[in-house]
Amino acid sequence: MNTTHQPSMLSSILTDLAPTHTTLVAVSKTKTVAQIMPLYEQGQRVFGENRVQALVSKFEEMPKDIEWHLIGHLQGNKVKYIAPFVSLIHSVDSLELLIEINKQAKKQERVIDCLLQFHVAQEETKFGFHQVEAEYLLQSDRYSTLSNIRIVGVMGMATFTDNKTQVRQEFQQLKQLFIFFKNAYFSDNQYFKEISMGMSDDYLLAIEEGSTMVRIGSLLFKN
Ligand SMILES: *Cc1c(COP(=O)(O)O)cnc(C)c1O
């Protein structure tokens with residue numbers, strides 16, 4: 001089928017995101033460089049991977065003006081591989097991990113931007129902080145010494161369900177957490193402004209609920 005005259009999926013998603021200036025993180029996990037390059041050629045510059053090894057190899061193979069985000073669970077012993085180039089780590093879920101990111105960032109003479117991942121879904125398996133745990137982190141003496149990381153917002157994943165009411169409530173919960181932490185811990189910090197929420201199936205809902213950054217994978221590669 002000749003689809004030359006149809007707008008690409010990328011451009012139709014970007015049209016949805018434009019009114020709210022929401023950032024698109026193109027999730028390229030499981031896709032090859034050859035599959036991803038057409039998005040780059042259409043102008044996309046922010047890409048996300050959930051695995052360290054794939055992030056590193058795609059960084060090495062692809063043009064150097066790409067911003068690479070890590071969106072999946074990160075093990076401390078793998079931070080060193082991404083510290084030289086990663087633009088944003090969405091999935092910080094412990095003080096220990098933040099300490100390790102700080103250590104590796106320092107070695108690279110960089111400051112690495114991070115999001116605190118919150119547990120808002122009903123599934124037990126999803127990673128992330130509860131409010132009190134994140135408060136404990138932010139109040140700790142250890143946190144106050146970390147000068148090579150910068151917390152720029154929050155991230156969350158909704159429950160994998162068709163129940164839109166539930167998904168909306170979970171996005172609202174993440175937005176409330178953002179507002180709480182902004183007021184209580186980051187009120188004089190201009191960098192704390194990101195709410196990373198929304199994927200292929202629920203990004204329109206996420207935008208309505210205040211997402212500043214959507215992480216979209218499968219939809220981008222549909223045709
Ligand atoms: C895979 C993944 C996404 C994108 O999911 P799609 O449903 O393919 O859009 C977003 N966030 C995280 C953390 C992921 O692992």
Side-chain angles (χ1 to χ4, degrees), residues 8-17 22-33 35-36 38-40 42 44-59 66-75 78-79 82 86-94 97 101 112-129 151-164 166-168 170-171 173-175 177-178 194-223:
S8 71
M9 197 53 87
L10 175 64
S11 65
S12 98
I13 292 170
L14 290 175
T15 301
D16 291 335
L17 302 183
T22 302
T23 301
L24 172 63
V25 180
V27 176
S28 48
K29 69 183 186 199
T30 77
K31 303 295 181 221
T32 64
V33 169
Q35 289 172 300
I36 306 164
L39 297 175
Y40 178 87
Q42 289 172 75
Q44 180 65 21
R45 289 295 180 272
V46 183
F47 289 87
E49 287 282 332
N50 66 337
R51 302 184 74 105
V52 165
Q53 205 181 345
L55 191 68
V56 170
S57 71
K58 284 171 185 166
F59 163 73
I66 290 175
E67 242 187 63
W68 288 102
H69 293 195
L70 186 81
I71 61 171
H73 183 64
L74 177 57
Q75 287 172 285
K78 297 198 172 157
V79 175
I82 61 171
V86 72
S87 290
L88 178 62
I89 298 174
H90 288 234
S91 44
V92 171
D93 58 2
S94 72
L97 180 59
I101 295 168
I112 295 180
D113 285 348
C114 297
L115 302 177
L116 296 178
Q117 181 172 355
F118 283 91
H119 180 107
V120 291
Q122 269 174 5
E123 288 121 320
E124 289 291 328
T125 54
K126 297 265 160 82
F127 294 100
F129 290 108
I151 295 177
V152 300
V154 302
M155 179 270 217
M157 288 173 81
T159 303
F160 185 72
T161 173
D162 290 337
N163 183 340
K164 290 214 183 315
Q166 182 179 350
V167 170
R168 189 186 288 282
E170 291 170 357
F171 287 153
Q173 201 185 323
L174 188 62
K175 171 84 192 245
L177 284 163
F178 171 82
E194 304 293 352
I195 305 176
S196 167
M197 63 184 185
M199 318 196 330
S200 291
D201 291 339
D202 53 24
Y203 77 93
L204 291 172
L205 264 181
I207 295 168
E208 284 175 26
E209 299 305 333
S211 173
T212 67
M213 212 174 245
V214 291
R215 309 176 308 270
I216 297 181
S218 45
L219 184 63
L220 275 170
F221 298 93
K222 237 176 222 164
N223 45 38

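What you see is a predicted model, and the numbers here were worked out from it, not measured in a lab. Values below: all heavy atoms of this structure, side chains included; hydrogens, waters and symmetry mates excluded. Whatever order the structure lists ligands and atoms in, that order sets their numbers, starting from 1. When a residue number appears, it is its place in the shown sequence, counting from 1.
Cation-pi check for K58 over F47 is not met; the charged atom does not lie both under 6.0 angstrom from the ring centroid and within 45 degrees of its normal.
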With the criterion set at N/O pairs under 3.5 Å, what does the list of contacts between the protein and ligand 1 look like, atom names and distances included?
{"residue": "ligand 1", "atom": "8 (O)", "partner": "S218", "partner atom": "N", "Å": "2.8"}
{"residue": "ligand 1", "atom": "8 (O)", "partner": "S218", "partner atom": "OG", "Å": "2.9"}
{"residue": "ligand 1", "atom": "9 (O)", "partner": "S200", "partner atom": "N", "Å": "3.0"}
{"residue": "ligand 1", "atom": "9 (O)", "partner": "S200", "partner atom": "OG", "Å": "2.5"}
{"residue": "ligand 1", "atom": "9 (O)", "partner": "G217", "partner atom": "N", "Å": "2.8"}
{"residue": "ligand 1", "atom": "11 (N)", "partner": "R215", "partner atom": "NE", "Å": "2.9"}
{"residue": "ligand 1", "atom": "15 (O)", "partner": "K29", "partner atom": "NZ", "Å": "2.8"}

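Remark: the S91 side chain and the H73 side chain contain no N/O donor-acceptor pair separated by less than 3.5 Å.
At a threshold of 4.5 Å between non-hydrogen side-chain atoms, the residues I151 and L115 do not count as touching.
Shortest non-hydrogen contact noted between S87 and E67 is OG-CG, 3.2 Å. In terms of heavy-atom proximity, I13 sits nearest to Y203 at CG1-OH, 3.8 Å.
With sequence neighbours excluded, no residue forms a side-chain contact (heavy atoms from CB on, under 4.5 Å) with T30.
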